[in-house]
There are 2 protein chains.
Amino acid sequence: MEHRIDQIKKQLHAQSYKLTPQREATVRVLLEREEDHLSAEDIYLLVKEKAPEIGLATVYRTLELLSELKIVDKINFGDGVSRYDLRKEGAEHFHHHLVCIECGSVEEIENDLLGDVEKIVERDWGFQVKDHRLTFHGICRKCHDGTTTLKK
Amino acid sequence: MEHRIDQIKKQLHAQSYKLTPQREATVRVLLEREEDHLSAEDIYLLVKEKAPEIGLATVYRTLELLSELKIVDKINFGDGVSRYDLRKEGAEHFHHHLVCIECGSVEEIENDLLGDVEKIVERDWGFQVKDHRLTFHGICRKCHDGTTTLKK
DNA sequence: ACTTAAACTATAATGATTATAAATATAAAA
DNA sequence: TTTTATATTTATAATCATTATAGTTTAAGT
């Protein structure tokens, strides 16, 4: 944890940004709740527990900054809210989402599903791929096994 | 054009919805500007040119309905606006987007890039894929050729 | 024509996000 | 250390996209 914070601190400094207490508090929440796809509001509330004086706008600004620096991923499931995830240390961007249209659950999968596909896009369309977003919509295991009672 | 309208009319009737004049006007705009990734606001303004008495909320409701019936695709490039495209007649959902991070252009490509990938997801994660969204972010041909002056 | 439900317009309300102003902290220069 | 300049912050207002509501109109079925 402290190691990761330190890493991020250096990355910020390298681009002449500071790791202010507010920013650190935000990063800590993201670290604790890694992979939780938290919204800005969620993060704001969690940060507030530790540092009640922090403002929502600051959280937004921090998330925007971290997102520009590729420290967090800003993702969008089309539900009108942006969600933020801290990137795994040095991770390539090989994670994708399975959104269940029954129960609304979101599972994240790690797999370089698109390595070849990106090559095709670069070759056939002359488009230099820097990043991608891939989301599958369908029925999750629980829902088609009938082993869930969750409904949105 | 008229053929497609007729088709949509039947599809609506089949689910006991009517093709009201407002809905028809909306569909006509989408037909005329196919593949244009119009926002609800864009569509509203275009519809208004033909039928000035139509309301924004109606356009939203119509788009929502058409989207549920899979007549239009509701897409989201993460720019805070939903965009709507009429699906091509009987088309499978094999189109993907190339969003240029230089000039902001959006190109649409048609290709079953993910046929195999979907099979992998179903097999390895037990997730029944019904649909997917795939967007690549990168540098478009124009921008890395330096043949464009467009900047966002 | 009469009844009922669906669809409509206009507008208010909401929710997420961004912009602004004033205050505070931090770093750099003198 | 004081001064000055710059970043960052909080609090709050504003904005933008979208959704909900109230009252009205339209159309279908009887």
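Below, read A as the first sequence line, B as the second, and so on, with proteins coming before strands; counting in each chain starts at 1.
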_Salt bridge check, A:R28 against A:E2: does any charged N sit closer than 4.0 Å to a carboxylate O?_
yes
*Write down the distance between CD1 (A:I54) and P (D:dT8), rounded to a whole number of angstrom.*
14 Å
*How many Å lie between CG on A:L19 and P on C:dA25, as a whole number?*
18 Å
*Pick the nucleotide of DNA chain C nearest each of B:S16 and B:K48; which residue has the one closer to the 5' end?*
B:S16
_Under a plain distance cut-off of 3.5 Å, with no hydrogens placed, do B:H96 and B:E108 share a side-chain donor-acceptor pair?_
no
*May I ask you to say what B:S82 touches in the nucleic acid, namely base, sugar-phosphate or nothing, with a heavy-atom cut-off under 4.0 Å?*
sugar-phosphate
_Starting the side chain at C-beta, find the nucleotide from C:dT17, D:dT8, C:dA10 nearest to B:A57._
C:dA10
*asked:* Using whole Å, what does the distance between atom P of nucleotide C:dA7 and atom CG of B:L63 come to?
replied: 15 Å
*With the side chain of A:R23 defined as its heavy atoms from C-beta on, choose the nearest nucleotide among D:dT8, D:dT18, C:dT11.*
D:dT8
*asked:* I'd like to know if B:K48 and B:E53 make a salt bridge, using a cut-off of under 4.0 Å between side-chain N and carboxylate O.
replied: no
*Under 4.0 Å between a side-chain N or O of B:R61 and OP1 or OP2 of D:dT18?*
no
*Out of A:D36, A:V29, A:V59, which residue meets the side-chain contact (heavy atoms from CB on, under 4.5 Å) rule with A:L46?*
A:V29
*How would you label the contact of B:L56 with the nucleic acid (heavy atoms, under 4.0 Å): base, sugar-phosphate, or nothing?*
base
*D:dT9, C:dT17, D:dT18: which one has an atom nearest the side-chain heavy atoms of A:Q22?*
D:dT9
_Distance below 4.0 Å between A:Y60 side-chain N/O and C:dT17 OP1 or OP2_ = yes
_For a quick check of understanding: with a heavy-atom distance under 4.0 Å over all strands, which category does A:E53 fall into, base, sugar-phosphate or nothing?_
sugar-phosphate
*Which is true for B:T58 with a 4.0 Å heavy-atom rule: it touches a base, it touches only sugar-phosphate, or it touches nothing?*
base
*Provide, to the nearest angstrom, the distance between the CG atom belonging to A:L65 and the P atom belonging to D:dT9.*
9 Å
_Rounded to whole Å, how long is the line connecting atom NE2 of B:H13 with atom P of C:dA7?_
10 Å
*Just checking, any donor-acceptor pair under 3.5 angstrom between side chains of B:D85 and B:H37?*
yes
*Starting at the 5' end of DNA chain C, which residue's closest nucleotide do you reach first, B:G55 or A:Y84?*
B:G55
*Mind calculating the distance between CG (A:N76) and P (D:dT18) to the nearest angstrom?*
11 Å
*Once you round it to whole Å, what is the distance between P of C:dA7 and OH of B:Y17?*
8 Å
*Find the distance A:I43:CD1 to C:dT17:C1' and express it as a whole number of Å.*
14 Å
*asked:* Assuming nearest nucleotide by heavy-atom distance, tell me which of B:S39 and B:K18 is located more 5' along DNA chain D.
replied: B:S39
